[in-house]
Structures are given as C-alpha cells and as structure tokens.
Trainee: 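Can you read through this structure? Questions will come right after.
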Amino acid sequence: MAEQKTALVTGALGGIGSAIAARLTADGFRVAQHDVVERVADDYFRADLTEVGAGEQLVAEVIARFGRLDVLVNNAGAQKVSPIAEFARADWDLVRSLSLDAAFECIKAAVPGMVSRGWGRIINIASAHGLVASPFKSAYVAAKHGLVGLTKSVALEVAEAGVTANAICPGYVRTPLVEKQIEDQMQVHGLSRDAVIRDVMLASQPTRRFVEAEEVAGLAAYLASDAARSITGTTIAIDGGWTAR
Ligand code: NAD
C-alpha cells in the first residue's frame, strides 16, 4: 500500500478550513490542522501567520512531526472593511500578511519536498475578490489578487515536477468571517442586516444563496486528487455565477 499522504490546512478551525480538513481526512489524507489559538493535539499546530517567518516555521514543524507534506492548503485569512481614505495601515498589513505573505512562506517551505517526491498539491483559498473587486475592501482585494498571481507563478516553476498550484475563488460562504462582515457592512452602508444580506452580499451572487463550506471542501479535495493532475496555474470560481457578469 502506498504511504499515506499528508496535508496541511491553515486556519483549520475556521468555517472553510474545518470543512476542508474534515474532507481531506475522509479522503484518506493525514491532516495537519493549523490555527492561531492554543490547543493541544497530535495533529494541531499553532502559529500566528501575521508574523514574519511563522509560515516557514509552521511547514518545517509539520514535516518534522509528520515526515512529509504533500498537500498544502493556504486557507487562513481575515477581512477588514473600510473606505480607502480611512483604511488603517495596521489593517492593511494584517490582511496582506495573512492572505499573501504567509502563503508565500508556506509554499516556499513546502515545495522542495513535493518536488523531490515528484508529487504535490498547492491549493490557495483566494476569493471572488481575487478576480474582481468590491468597494471598501482594498486590502483584501489586493491581497487576494496577489495570491492569484503567486499561484500562477509557482505553478509554472513546479509544473514539470508533478506539483500543481491552483487558487479556489469562492463567493460568499456562510462562515464566522462573513458573519463579521455583515456587521461591518451594516455600518458602512447604513443598512439593516436583512438588506445587507439580500442587497449587498447576495446581490452579486446570481444563485442568491450562500456557498456552503462543504462545496469548497469538495473542490479542494478534487484538486488534491490524482484526477486533477493536469489542472494547474488556474483559478476556479465557486461563486454562484458572481464573476460571470
Ligand atoms: P474564518 O474566519 O472562519 O476562518 C479563518 C481562519 O483563519 C480562522 O480559523 C482564524 O483563526 C484563522 N486566523 C485568523 N488570524 C490568524 C492569524 N493571525 N494566524 C493564523 N491564523 C489566523 O473564515 P473563512 O470564511 O472560513 O475563511 C477561510 C478562507 O476563505 C479565507 O482565506 C477567506 O479569505 C476565504 N474566503 C472566504 C469567503 C467567505 O465568504 N467566507 C469567501 C471567499 C474566500
């Protein structure tokens, strides 16, 4: 029997990350779960990925404990909503460091082992905001567009070695991150909760329903499979038709 493949999911205690970790576990991967809170478990790794060097150290710890890393899912992320003229530099740094700098570090540390074994999967959870923009989300849109660019560049570098790199671009998925945004959007737009959900959030999502975290996890699992070996350097939208406009 082939040796069990190992996956790392960053932000694995969050809405989308937990669904991806559960799905990859069900599909037979040994899953290293990462998040920022303290927790003691054999398969759990704590790191604040806004800190310089934390991503590289995280991957090194996973490889030290699990022996290998075959699937890297860069999922940790955060959102800050503000008009550009009032956008705090600290919020810009937080969003960029978590969505882009940490992914760079984790990929950098994971690639050598993947290339040496001739098999690897890099799955970056970007966003519809990696493809199109919305107002008041300058940091997030910039970071996610950057993540898409990083994905493409890495894919070209490692393609011949049997390693793929892709970006998943979800529309609105009902998670704690989105719950928080409903509150923020109510402030920025001066609208009620129901109006934000209907007229701001799902206005751009033609299906008029939130994407489920399990749907994103299913796509990540497909990209992690052997069947997806020719899919690389691309973005896959799972956004209810948002970016078709
Ligand atoms: P979430 O808030 O439920 O999960 C994010 C995770 O990142 C949390 O577990 C959190 O603890 C972790 N995290 C936060 N700060 C951290 C730090 N400093 N260091 C390490 N980890 C940290 O959000 P989610 O909706 O599950 O988002 C997961 C990913 O999906 C994010 O990259 C997000 O941008 C992306 N995304 C979400 C949606 C959506 O509608 N929910 C849409 C498109 C893309």
Side-chain angles (χ1 to χ4, degrees), residues 8-23 32-39 44-59 61-62 72-81 90-91 93-106 123-134 137 139-148 150-151 166-185 196-197 200-202 204-205 207 209-217 219-220 235-240 242-243:
L8 165 63
V9 181
T10 68
L13 300 184
I16 293 172
S18 58
I20 294 174
R23 175 61 193 265
Q33 303 191 51
H34 151 273
D35 217 297
V36 71
V37 299
E38 296 292 345
R39 171 184 273 205
Y44 183 73
F45 298 79
R46 190 216 165 258
D48 180 348
L49 289 179
T50 63
E51 290 174 4
V52 174
E56 286 191 63
Q57 196 183 330
L58 169 65
V59 169
E61 283 172 15
V62 170
L72 169 64
V73 184
N74 285 306
N75 167 75
Q79 175 67 280
K80 294 287 175 184
V81 178
D91 288 344
D93 286 343
L94 169 80
V95 172
R96 189 209 66 244
S97 62
L98 201 48
S99 282
L100 185 55
D101 301 356
F104 157 72
E105 286 195 17
C106 289
I123 301 167
N124 295 323
I125 308 302
S127 168
H129 285 125
L131 302 170
V132 296
S134 295
K137 297 183 176 176
Y140 190 81
V141 169
K144 294 298 190 180
H145 274 70
L147 184 58
V148 166
L150 172 66
T151 305
N166 292 289
I168 293 178
C169 297
Y172 279 110
V173 186
R174 193 81 177 240
T175 67
L177 181 141
V178 161
E179 285 296 332
K180 166 90 173 54
Q181 271 185 68
I182 296 172
E183 310 293 327
D184 291 346
Q185 296 266 23
V196 163
I197 293 172
V200 179
M201 295 188 140
L202 297 187
S204 52
Q205 205 148 294
T207 49
R209 65 167 183 80
F210 285 105
V211 177
E212 301 297 331
E214 289 70 24
E215 297 173 51
V216 180
L219 183 51
T235 55
I236 303 182
I238 175 165
D239 64 3
W242 179 348
T243 53

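Counting starts at 1 for both ligands and their atoms, following the listed order.
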Trainee: Enumerate the residue pairs fulfilling side chain to side chain donor-acceptor pair (under 3.5 Å) with a member in residues 8-23, sequence neighbours excluded, ordered by first and then second residue.
Mentor: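 Residue pairs with at least one partner in residues 8-23: Arg23-Asp27.
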
Trainee: Ligand 1: which residues have a non-hydrogen atom closer than 4.0 Å?
Mentor: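 Those residues closer than 4.0 Å to ligand 1 by some heavy atom are Gly11, Leu13, Gly14, Gly15, Ile16, His34, Asp35, Val36, Ala47, Asp48, Leu49, Thr50, Asn75, Ala76, Gly77, Leu98, Ile125, Ala126, Ser127, Tyr140, Lys144, Pro170, Gly171, Tyr172, Val173, Thr175, Pro176, Leu177, Val178.
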
Trainee: Which value, rounded to the nearest 0.5 Å, describes the distance between Lys144 atom NZ and Thr151 atom OG1?
Mentor: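 Separation between the atoms: 10.0 Å.
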
Trainee: What distance do Leu49 atom CG and Leu94 atom CG have between them, rounded to the nearest 0.5 Å?
Mentor: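 Answer for the CG-CG pair, Leu49 versus Leu94, is 11.0 Å.
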
Trainee: Just how far is it from atom NZ of Lys180 to atom CD of Gln79, taken to the nearest 0.5 Å?
Mentor: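 Rounded to the nearest 0.5 Å, the NZ-CD separation comes to 9.0 Å.
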
Trainee: Aromatic rings Tyr172 and Phe210: how do their planes relate, parallel, tilted or perpendicular, breaks at 30° and 60°?
Mentor: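 Answer is perpendicular, since the angle exceeds 60°.
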
Trainee: What distance do Leu72 atom CG and Cys106 atom SG have between them, rounded to the nearest 0.5 Å?
Mentor: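 Separation between the atoms: 5.5 Å.
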
